[in-house]
Amino acid sequence: MGHQDGKLASAISVPSGIQIPPGMEIKIGDKEARKVGFSICMPDHCEALLPLEDTVVKSLSAAPTTEITVRAVNGADAKFTVNMKGFVQALADLGK
């Protein structure tokens with residue numbers, strides 16, 4: 001997490017070997033999934049920025065997990081589950 005263009009954002013990195021379009025799908029808890037495009041791809045990873053608007057922060061703070069889905073080069077979906085424990089503290093630490 002950090003600031004980009006003066007706004008709070010979370011950088012999410014995933015391994016390389018994925019299809020750049022269609023981007024990344026992020027499902028926070030039981031909320032509807034949202035699509036995020038990749039901002040950069042390097043030989044060892046690709047990265048997407050999730051703007052941390054107030055509604056997203058509330059959802060991330062309340063969710064036990066967030067699911068990240070990307071499409072591998074072979075067309076299969078690859079899903080990663082992220083434990084959200086510590087998110088609230090990390091967000092608070094950014095203000096220090």
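The first residue in the sequence is number 1, and the count goes up from there.
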Is I12 reachable from I40 through a run of hydrophobic residues whose side-chain heavy atoms are each under 4.5 Å from the next? no

Would you check if L8 and L91 make a side-chain contact, meaning some heavy-atom pair closer than 4.5 Å? yes

Look up atom CD in E25 and atom CD1 in I68, then write down how far apart they are to the nearest 0.5 Å. 9.5 Å

Nearest 0.5 Å, what's the CE-CZ distance between M24 and R71? 13.5 Å

Counting heavy atoms not belonging to D77, are there more than 12 under 6.0 Å from its CG? yes

Nearest heavy-atom contact between P43 and S16 is O-OG, 3.0 Å

Heavy-atom donor-acceptor pair, S61 side chain to V88 backbone, under 3.5 Å: no

Quick check: are there more than 12 heavy atoms from other residues, nucleotides or ligands sitting under 6.0 Å from NZ of K31? no

Within the side chain of Q19, is there an N or O that forms a donor-acceptor pair under 3.5 Å with the backbone of A72? yes

Could you walk me through whether M84 and L60 satisfy the side chain to side chain contact (heavy atoms under 4.5 Å, CB included) test, starting with their C-alpha distance in whole Å, then the side-chain angles of each, then the deciding distance to 0.1 Å, before giving a yes or no? CA-CA 7 Å; M84 296 309 297; L60 289 168; 3.7 Å; yes

Between the CG atom in L50 and the CZ atom in R34, the distance rounded to the nearest 0.5 Å is 6.0 Å

With rounding to the nearest 0.5 angstrom, report the OG to CD distance, S39 to E47. 5.0 Å

Looking at N83, is its backbone amide N or carbonyl O close enough to the side chain of T65 to form a donor-acceptor pair, meaning the two atoms are under 3.5 Å apart? no

Gap between atom OG of S59 and atom CZ of F87 - 0.5 Å precision: 9.5 Å

For the pair S13 and H45, evaluate side chain to side chain contact (heavy atoms under 4.5 Å, CB included) and give the outcome as yes or no after the intermediate values. CA-CA 6 Å; S13 294; H45 75 283; 3.7 Å; yes

Backbone N/O of G37 and side chain of K35: donor-acceptor pair under 3.5 Å: no

What heavy-atom pair brings A63 and I28 nearest, and what distance separates the two atoms? CB-CG2, 3.7 Å

For L49 and V36, run side chain to side chain contact (heavy atoms under 4.5 Å, CB included): C-alpha distance rounded to whole Å, both residues' side-chain angles, the deciding distance at 0.1 Å, then the answer. CA-CA 7 Å; L49 293 177; V36 180; 5.7 Å; no

Flag side-chain contact, heavy atom, 4.5 Å: P22 against F38: no

For V70 and F80, run side chain to side chain contact (heavy atoms under 4.5 Å, CB included): C-alpha distance rounded to whole Å, both residues' side-chain angles, the deciding distance at 0.1 Å, then the answer. CA-CA 9 Å; V70 294; F80 304 89; 3.9 Å; yes

